Amino acid sequence: MMTMQQGDPALRPDDDGGPSVPGGAERGFFGKIGDRFAPPRGGQSLPLAAHDALLLLRNHEDSGQGWFWSTDADGRIAYLSEAVADQLGRPLGTLIGQAFTTLFLPADSAAERQRSLPFLLTRQSKFDGLALRAAQGEECWWAVSGRPQFEAGGRFTGYRGSGIDVTVQRRSAEDASRLALYDSLTGLANRFNISRRLDTTLTTFAPQQRSCAIMLIDLDRFKQVNDTLGHPAGDALLRQVAERLLKIVGDKEMVSRLGGDEFQVILADQDDRGKLGDMASDIIASLSQPYSVEGSRCIIGASVGVAIAPFDGMTSEDLVRNADLALYAAKGNGRGRFRFYSSDLHQSAEDRRALEEDLRDALVRGEMELTYQPVVRARSNTVSGVEALVRWNHPERGTISPALFIPIAEEANLIWTLGEWVLRKACEDAARWPGDLRLAVNVSPIQFANPDLPRVIAHALAATGLAPERLELEITESVFLGDSAETAAMFTALKGIGVRLALDDFGTGYSSLGYLQSAPFDKIKIDQSFVRGATQKGSRNAAIIAAIVALAEALEMETTAEGIESLDQLDLIRKLNVSHVQGYVYSKSVANDELIGHAEAGSWTIAPAGPAKQRNDRFQMFRKIGAVHGNHRYTVVMRNLSATGAFIEGMVDVPVGTRFVIDFGEGQLATAIVRRSKKHQQGVEFEQSLVADGNGGLCTRHRVSPYLIAAASQQTGGLSLPTFTTTSDWAEN
Ligand code: C2E
Ligand code: MG
Ligand code: MG
């Protein structure tokens, strides 16, 4: 190797006005440069070429594109470009002689330490592009390369190397990886990120037999916000949704936006369906509170599907697919609900898809029918009008409730045609009724958002000759979505036609009395759930109903209580001065012909009739389940079920106090104790109450893990416990 001599004129960097290189250090370093500019066949250095080389080196250093360094055998800095000292904010002189490693921050992870600078230096390894962060000053990253130097005899003399500033590249790489893992709109984990996380969680949890729940959350009516208020408003709304979700879930890394208006939450070590149901309800309640976006107020809703590993799936694909099915079912149940996955949902999802197909042709095939439910004046029991309720007479499935198919029609873009038909048919019928009964027609929020609605209504009225003041449109609170100019214009247009407006289902969504003052309603319909609540002990609903009635009276609106079934409810409603009642206590909906019969007879009066009290919420049923006692499993029939107990049939003369394990299937076991026993019927009480399944039914809080089922089935033998005669034995005797 050729080295240049100190004192050589070519070795005076001062010539260039740069800093002088401390003695000794330059030897090795310049030698390397000299090497590169040495004549091809070597032998003797060319001072001119060496001088050029130095100038090039200095230019390179000055350009800021890179820097050079060298150390002695102890790793102390012998040469360093000025740029590094500048970056660190220290005079170059104070750095020379310091350990080279002090220029950088130490590596902070174990993985990085494997390739850390001190490690490489002590092993005298060569390295390339090692990413190191400056120890001081502003955040700065360098890619540092180094070559160990050896004397002819093999003795290690130190390092020589170079470095380049890679801060910008590093930042954009970080940004890129952020983009790849996080949703840029909400800052939540993105789909890729969360599915990877779910994969790792499930793989780690499986051998430890730990549970993990996921929730899929889908916003209801989000599309409307986007369509009416614009995409920037939609984006702002999604950000607020993300914030509310985070508030409830807490763990930021476990909440993600999958895209559009779909979110996913991972809840590790959670299999308590009571708690999960509570959380899902909290999420729905929170996301259904009004939002303020860009000066507009808007309301959306949310539906939640829940699946829990290992019960509902062990792999992330299975779990997500099943949570998705549960979500689909939750939406089909009328939105704003949660639903736990259960295996029968596969069938219902198929059914629903089939229904959607059938729905497309239902109108043309004449399968839709209107029925009319009387709305009765609470004081006089006289019918003031009727509400048109659509029914679908399905050729195979019989009558299908609008609560089931209206949401499908809304999603499948069929609601407009259906709604137009309902309006037209109802007006036609009403125009022929004797007398002047009012006609109420339900209008979907999707119809309400269509600027064409006033024209369609005016047309239906003109074509049938029905007086506008006899027609009442029922709309739900969700139309207040975005107190937008469009909403106001729609109200004005409808009032311009002369029809009446009723606010339907008051008390189910976010019930704000505020907009009642500005919206031109003629009637408020108080939802049945709200009235039912009012008869329960400790409920404040009665006081709220009284307030609504007072407000309505002040604003000259009527009030209707919906879904009144029992005489005690009717009594309460009358006391609260609600002006109208609609419910089974007077009449279910009737066919047009029956209605005409009543109307022809003159003033239509109905005497209220029904149970004295609302029956408690026991589910009447006939369902085969298992009752396990000792090493016997009996098949029994469950006749009714409440959260705290059940009535079962199928075993004879079981002593009071006997303990059973009731097997509802799918790993749902509940310990129950017999409280009443009469021949073949037992009333059993559960040790732990059942919880709501999100579908109006009940389920056990916990399930027996598939891991345990095999183990448990091996433990039953050996014990000799009394057995009971079953009714099937009994019938044979
Ligand atoms: P809604 O407008 O609140 O209608 C009242 C619902 O309560 C009707 O259910 C009615 O049969 C039921 N109901 C009335 N009295 C009682 C009672 O005492 N006890 C109980 N348990 N239920 C009672 P239906 O006919 O199943 O309709 C459900 C919903 O479907 C309606 O709720 C309405 O939102 C929607 N709907 C019905 N027809 C149409 C329609 O033509 N267009 C649109 N867009 N929606 C409709
Ligand atoms: Mg209605
Ligand atoms: Mg209603």
Side-chain angles (χ1 to χ4, degrees), residues 221 332-336 359 362-363 368-376 383 385-393 399-427 429-430 438-450 453 456-457 460 471-479 500-509 521 523-532 535 560-570 573 580-591 606 608-611 614-615 617 696:
R221 296 185 300 272
N333 279 348
R335 316 261 167 88
L359 194 55
L363 262 186
M368 291 294 171
E369 187 194 4
L370 290 184
T371 61
Y372 298 98
Q373 186 177 32
V375 180
V376 182
V383 177
V386 293
E387 176 178 2
L389 295 166
V390 63
R391 299 282 175 269
W392 179 9
N393 299 314
T399 307
I400 300 177
S401 154
L404 183 70
F405 70 81
I406 293 284
I408 300 180
E410 286 178 343
E411 222 154 82
N413 240 333
L414 299 167
I415 191 68
W416 182 252
T417 331
L418 178 63
E420 205 173 337
W421 176 85
V422 169
L423 257 170
R424 185 59 182 266
K425 177 78 171 81
C427 289
D429 286 351
R438 270 195 213 139
L439 164 69
V441 174
N442 292 286
V443 173
S444 153
I446 293 177
Q447 290 171 273
F448 193 83
N450 189 330
L453 183 66
V456 167
I457 288 169
L471 179 62
E472 188 168 79
L473 303 179
E474 296 195 1
I475 50 188
T476 54
E477 283 174 287
S478 60
V479 304
R500 289 165 51 93
L501 297 176
L503 177 59
D504 203 356
D505 300 346
F506 189 82
T508 49
F521 285 113
K523 176 181 265 186
I524 304 173
K525 300 190 75 175
I526 305 163
D527 190 70
Q528 62 169 298
S529 57
F530 210 71
V531 180
R532 283 191 188 179
T535 52
T560 296
E562 294 188 82
I564 305 297
E565 292 183 357
S566 58
L567 296 169
D568 66 329
Q569 286 173 351
L570 181 62
I573 280 310
H580 292 72
V581 170
Q582 192 180 338
Y584 298 167
V585 76
Y586 283 112
S587 173
K588 292 195 172 181
S589 63
V590 299
I606 310 175
Q614 181 73 40
R615 62 175 174 77
D617 274 328

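Index from 1, following the sequence. Note that this is a predicted model, so its numbers are computed, not measured. Start at 1 and go down the list; that is how both ligands and their atoms are numbered.
Residue contact check for ligand 1: S589 places no non-hydrogen atom closer than 4.0 Å to it. At least one heavy atom of E387 sits closer than 4.0 Å to an atom of ligand 1. Using a non-hydrogen distance threshold of 4.0 Å, R532 registers as a contact of ligand 1.
Counting only residues at least two apart or on different chains, the salt bridge (Lys or Arg N to Asp or Glu O under 4.0 Å) pairs with a member in residues 399-410 are R335-E410.
For a threshold of 3.5 Å applied to N or O pairs, the pair formed by Q582 and ligand 1 contains no separation below that value.
Once rounded to the nearest 0.5 Å, the distance linking CD1 of I524 with CG of L503 reads 6.5 Å. Distance check, rounded to the nearest 0.5 Å: CD of E369 to CG of N393 gives 5.0 Å. Interatomic distance, W416 CH2 to I446 CD1, rounded to the nearest 0.5 Å: 11.0 Å. Taking CD1 of I400 as the reference point, atom CD1 of I406 lies at 12.0 Å (rounded to 0.5 Å). Put simply, CD1 on I415 and CD1 on I408 are 11.0 Å apart, with the number rounded to the nearest 0.5 Å. For the atom pair N442 CG and D504 CG, the distance stands at 5.5 Å (nearest 0.5 Å).
Across Y586, F405, Y584, heavy-atom proximity to atom 13 (N) of ligand 1 is greatest for Y584.
Each of the atoms 18 (O) of ligand 1 lies under 4.0 Å from some heavy atom of I564. Of all atoms in ligand 1, numbered sequentially from 1 with element shown, those under 4.0 Å from a heavy atom of Q373 are 10 (C), 14 (C), 15 (N). Counting atoms of ligand 1 from 1 in the listed order, those under 4.0 Å from a heavy atom of S401 are 26 (O). Close approach of ligand 1 to V390 is summarised as follows: ligand atoms under 4.0 Å from at least one heavy atom of the residue are 38 (N), 39 (C), 40 (C), 41 (O). Ligand 1 places these atoms under 4.0 Å from at least one heavy atom of E565: 17 (C), 18 (O), 19 (N), 20 (C), 21 (N). Counting the atoms of ligand 1 from 1 in the order shown, those under 4.0 Å from a heavy atom of G583 are 15 (N), 18 (O). For ligand 1 and D505, the ligand atoms under 4.0 Å from any heavy atom of the residue are 3 (O). Those atoms of ligand 1 that come under 4.0 Å of a heavy atom in R391, given as number and element, are 11 (O), 25 (O).
The Mg ion (ligand 2) lies under 2.8 Å from an N, O or S atom belonging to E474.
Restricting D504 to its N, O or S atoms, the one at the least distance from the Mg ion (ligand 2) is OD2. Between the Mg ion (ligand 2) and the N, O or S atoms of E387, the shortest distance is to OE2.
Of all the heavy atoms of D504, the ones lying under 4.0 Å from any atom of ligand 1 belong exclusively to the side chain. Residue contacts with ligand 1, taken as heavy atom pairs separated by less than 4.0 Å, do not involve K588 at all. Counting heavy atoms closer than 4.0 Å to ligand 1, residue V422 contributes side-chain atoms (C-beta onward) but none from N, CA, C or O.
Considering only heavy atoms from C-beta on, R500 comes within 4.5 Å of R438 through its side chain. Under the 4.5 Å side-chain criterion, counting only non-hydrogen atoms from C-beta, F506 is not in contact with T560.
Closest of all the heavy-atom pairs between Q447 and L453 is O-CB, 3.7 Å.
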Query raised in the report: Which is it for V590 and V386 under the side-chain contact (heavy atoms from CB on, under 4.5 Å) test, yes or no, and what are the steps along the way?
Result: CA-CA 10 Å; V590 299; V386 293; over 6 Å; no
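Listed by chain and residue number, D429 satisfy the side chain to side chain donor-acceptor pair (under 3.5 Å) test with Y372 (two or more places apart in sequence, or in another chain).
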